[in-house]
Amino acid sequence: MRTGSMVRAALAIAAMFCGLGVSAQAPSSQGVAASQPPPGTYAPGRRPPGYEDPYAGKKRVLLIADLHTGNQNAHDAVSHAMATLERITRAAGIVLYIRTDTEWVTKQEVWGTGDYAKGGRRQARGRNLKDFDAVIFYTNGDLDLSDEQKAALLGFVHDDGKGFVGIHTATATASKWPDYGAMIGGYFDNHPWGIVDARVIVERPDAPEMKGYLKSPIVKDEHYQMMAPYDRADVDVLARIDTRSVDMKNPNIHRADGDFPVAWIKTYGKGRVFYSGLGHSDASWDDPRQQTMFLEAIKWAAGATDYPVRPHPLPEK
């Protein structure tokens, strides 16, 4: 009798739970675990306690240092450039994210793969251009960019009013993509003199980027010669090479106007663009003048500072 009573009681309790629409089955510990993000991961838009964003409220800049489609051996200084830029931007309160691929150059969602893919048990969402105030290119070659990525980068600057900073070989990048050339302001032709000392003439002495070169204008680097679409009607040249300090009889010189810009700024739609051909050598990244130039350029491009863009012709000698 006791056993029968216990069975009837159990059945009654089960019926009661079923009538309330509640399962009498104990919750699976595996199911609970699956609904919680594992430690160190988070779903889009939320973070568990202890994983709060340490960079909230700061300017965020994406540095793309991808040389794999270009000359991979000639620009070993890119590693030192990345380390230097991270150090000086951090000291200035700017957050620099460094990538050696172009995956984040998009406005689409970016996810990991395998377990970290969207819907995976450890799903982890990456970043995209929407997370940044400016993008830096120290790149070379055609780059592996889809049509969506190309449109996203141009729109990031032109339509969203964000910033772009090009370093050295950024003008030896995407030479078959005319819209990129229009954005950055010109393409690399060659470097007629190789790595030499040259005197820099500062054309905008009030530009924060140029203050280090006013008192010390001799610069040793791989100085570039630019070609179309470079045009002073579209760019505000901050400094140029003093042609009296280099061999103008060099047969590799193609420009007859003596205009060899070192750095310029320009607008592209609503956005800001800075470019400098300096930064080839490892030693150049230890130069305080160059560090100041690129730091101020990054601040300006990211919207942390203001300076007017005023294209002007080559000054008369």
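Every heavy atom of this structure was used, including side-chain atoms; hydrogens, water molecules and symmetry mates were not.
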Next on the checklist: So, taking the atom named CG in Asn128 and the one named CD in Gln108, what distance separates them when rounded to the nearest 0.5 Å?
Outcome noted: 9.0 Å
Item to check | Val157 reachable from Tyr307 in the ILVMFWY side-chain graph, under 4.5 Å edges | outcome: no
Checklist entry - Does Ser245 reach the main-chain N or O of Ala198 with its side chain, forming a donor-acceptor pair under 3.5 Å? => result no
Checklist entry - Is there a donor-acceptor pair closer than 3.5 Å between any side-chain N or O of Arg204 and the backbone N or O of Arg310? => result yes
Checklist entry - Heavy atoms, side chains only, cut-off 4.5 Å: are Asp144 and Thr69 in contact? => result yes
Next on the checklist: Checking the side chain of His80 only, and the main-chain atoms of Asp76 only, is there a donor and an acceptor separated by less than 3.5 Å?
Outcome noted: no
Checklist entry - Can Arg240 and Asp259 be counted as an ion pair, charged N to O under 4.0 angstrom? => result no
Next on the checklist: Can you tell me how far apart NZ (Lys107) and CG (Leu153) are? Round to the nearest 0.5 Å.
Outcome noted: 9.5 Å
Checklist entry - Can Ile167 be reached from Val61 by stepping across I, L, V, M, F, W or Y side chains whose heavy atoms are under 4.5 Å apart? => result yes
Checklist entry - Is Arg99 paired with Asp101 through a side-chain N to carboxylate O contact shorter than 4.0 Å? => result yes
Item to check | Where at least one partner belongs to residues 189-209, residue pairs that pass ring pair (Phe, Tyr, Trp, His ring centres under 6.0 Å), sequence neighbours excluded | outcome: Phe188-His191, Trp193-Phe260
Checklist entry - Any donor and acceptor pair, going by atom type alone, linking the side chain of Lys150 with main-chain N or O of Leu145 inside 3.5 Å? => result no
Next on the checklist: Do Tyr230 and Val237 have side chains that approach each other closer than 4.5 Å (heavy atoms only, starting at C-beta)?
Outcome noted: yes
Next on the checklist: Within a 6.0 Å radius of atom NZ on Lys220, are there more than 12 heavy atoms belonging to other residues, nucleotides or ligands?
Outcome noted: no
Checklist entry - Just wondering, do Ser175 and Asp142 contact through their side chains at under 4.5 Å, heavy atoms? => result yes
Checklist entry - Are side-chain heavy atoms of Met82 and Leu96 found at a separation under 4.5 Å? => result no
Checklist entry - Does a donor on one side chain sit under 3.5 Å from an acceptor on the other, for Thr171 and Tyr275? => result yes
Next on the checklist: Less than 3.5 Å apart, any donor N or O on the side chain of Tyr55 or Arg60 sitting next to an acceptor on the other?
Outcome noted: no
Next on the checklist: Is the shortest side-chain heavy-atom distance between Pro192 and Ile253 below 4.5 Å?
Outcome noted: yes
Checklist outcome for this item: Correct closest heavy-atom pair for Leu295 and Ile88 would be CD1-O, 3.8 Å
Checklist entry - Which heavy-atom pair separates Asp133 from Phe156 by the least distance, and what is that distance? => result C-CZ, 3.9 Å
Next on the checklist: For a quick test of reading the model, state the closest non-hydrogen atom pair linking Phe164 to Tyr180 and the distance between them.
Outcome noted: CZ-OH, 3.8 Å
Checklist entry - Step by step, would you call His223 with Val196 a side-chain contact (heavy atoms from CB on, under 4.5 Å)? => result CA-CA 8 Å; His223 300 288; Val196 296; 4.1 Å; yes
Checklist entry - Between His254 and Asp189, does any side-chain donor sit less than 3.5 Å from a side-chain acceptor? => result yes
Item to check | Contact summary for Val200 and Ala239, nearest pair of heavy atoms | outcome: CG1-CB, 3.6 Å
Checklist entry - Just checking, any donor-acceptor pair under 3.5 angstrom between side chains of Gln149 and Thr106? => result no
Checklist entry - Under 4.5 Å between any side-chain heavy atoms of Leu62 and Ile136, yes or no? => result no
Checklist entry - Under a 4.0 Å N-O cut-off, is there an ion pair linking Arg232 with Glu203? => result yes
Checklist entry - Nearest 0.5 Å, what's the CG-OG distance between Leu238 and Ser276? => result 9.0 Å
Checklist entry - Which residue pairs pass the salt bridge (Lys or Arg N to Asp or Glu O under 4.0 Å) test when at least one of the two sits in residues 278-294, sequence neighbours left out? => result Asp287-Arg289
Next on the checklist: Applying a strict under-4.5 Å side-chain criterion to I, L, V, M, F, W and Y, I'd like to know whether Met210 and Val273 cluster together.
Outcome noted: no
Next on the checklist: Can you pull out every side chain to side chain donor-acceptor pair (under 3.5 Å) where at least one residue sits in residues 263-274? Sequence neighbours excluded, please.
Outcome noted: Arg272-Asp306
Next on the checklist: Are Ile195 and Asp221 packed together at the side-chain level, in the sense that at least one heavy-atom pair is separated by less than 4.5 angstrom?
Outcome noted: no
Item to check | Heavy-atom donor-acceptor pair, Asn140 side chain to Ala172 backbone, under 3.5 Å | outcome: yes
Checklist entry - So, does Trp285 use its side chain to make a donor-acceptor pair with the main chain of Gly279 at under 3.5 Å? => result yes
Item to check | Leu143 CG to Ile64 CD1 distance, which is reported to the nearest 0.5 Å | outcome: 9.0 Å
Next on the checklist: Is there a side-chain contact (heavy atoms from CB on, under 4.5 Å) between Ile265 and Trp300? Walk through the geometry before answering.
Outcome noted: CA-CA 10 Å; Ile265 56 175; Trp300 176 79; 3.8 Å; yes
Checklist entry - With no hydrogens and no angle check, is any side-chain donor or acceptor of Asp160 less than 3.5 Å from a backbone partner on Lys162? => result no
Item to check | pair Ile241-Val262: side-chain heavy atoms closer than 4.5 Å | outcome: yes
Checklist entry - Just by distance, with hydrogens left out, do His168 and Tyr224 show a side-chain donor and acceptor under 3.5 Å apart? => result yes
Next on the checklist: Looking at every non-hydrogen atom in both residues, tell me the closest pair between Pro208 and Glu296 and how far apart they are.
Outcome noted: CB-OE1, 3.6 Å
Checklist entry - Just checking, is any N or O donor in the side chain of Tyr97 or Asp131 under 3.5 Å from an acceptor N or O on the other one? => result no
Checklist outcome for this item: What one should report as the nearest heavy-atom pair of Ser281 and Ala77 is C-CB, 3.6 Å
Checklist entry - Can Val165 be reached from Leu67 by stepping across I, L, V, M, F, W or Y side chains whose heavy atoms are under 4.5 Å apart? => result yes
Item to check | Asp206 CG: over 12 foreign heavy atoms closer than 6.0 Å | outcome: yes
Checklist entry - Distance from Ile298 atom CD1 to Leu63 atom CG, nearest 0.5 Å? => result 8.0 Å
Checklist entry - Does Lys59 use its side chain to pair, donor to acceptor, with the backbone of Ala302 at less than 3.5 Å? => result yes
Next on the checklist: Just verifying a value: how many Å separate Tyr213 OH and Lys211 NZ, rounded to the nearest 0.5 Å?
Outcome noted: 12.5 Å
Next on the checklist: Evaluate Arg244 against Asp242 for salt bridge (Lys or Arg N to Asp or Glu O under 4.0 Å), listing each step before the verdict.
Outcome noted: CA-CA 5 Å; Arg244 297 169 296 183; Asp242 185 345; 3.0 Å; yes
Checklist entry - So, His68 versus Asp66: side-chain donor-acceptor pair below 3.5 Å or not? => result yes
Item to check | Cluster link Met183 to Phe274, ILVMFWY, side chain under 4.5 Å | outcome: no
Next on the checklist: Quick check against the 3.5 Å criterion: does Thr173 have a side-chain atom that pairs as donor or acceptor with the backbone of Thr139?
Outcome noted: yes
